[in-house]
Amino acid sequence: MEAMDPRADQRPVLDMTPEGEFRDPAPRQVTWLDRILARLGGMAALVALIAAGVVVAGVAVAFLALALPVAVVAGLIAFGSLWWHARRGGTRGRTFSFVMRR
């Protein structure tokens with residue numbers, strides 16, 4: 001009767017010990033191609049990590065290159081504003097201080 005069932009070869013085989021525990025499937029034989037592909041995959045992962053590090057470093061350098069002129073201009077504007085405030089207050093030549101009230 002099993003010969004009539006076309007799916008008989010596709011059914012899973014349950015391999016059990018006499019104690020009722022399932023047996024693990026037999027390990028596959030490792031071929032030379034498996035070893036080469038494993039080594040190649042490891043090298044590819046290493047190259048990908050190095051490339052990601054280079055990209056992060058490049059983004060950091062680009063951000064620094066964009067942020068540095070903005071910081072310099074903002075510092076010059078702040079210096080000019082403080083200098084003008086000190087000059088208009090009549091404290092030319094003397095140091096000036098700010099008191100912060102809370």
Undergrad: State which residues pass side chain to side chain contact (heavy atoms under 4.5 Å, CB included) with Phe79; sequence neighbours excluded, sorted by chain then number.
TA: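 Testing Phe79 for side chain to side chain contact (heavy atoms under 4.5 Å, CB included), a comparison that skips the adjacent residues, returns none.
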Undergrad: Among all residues two or more places apart in sequence or in another chain, which pass the side chain to side chain contact (heavy atoms under 4.5 Å, CB included) test with Arg35?
TA: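 For Arg35 the side chain to side chain contact (heavy atoms under 4.5 Å, CB included) partners, ignoring immediate neighbours, are Val30, Trp32.
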Undergrad: Not counting sequence neighbours, which residues clear side chain to side chain donor-acceptor pair (under 3.5 Å) with Thr31? List them please.
TA: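 Counting only residues at least two positions away or on another chain, Thr31 forms a side chain to side chain donor-acceptor pair (under 3.5 Å) with Asp34.
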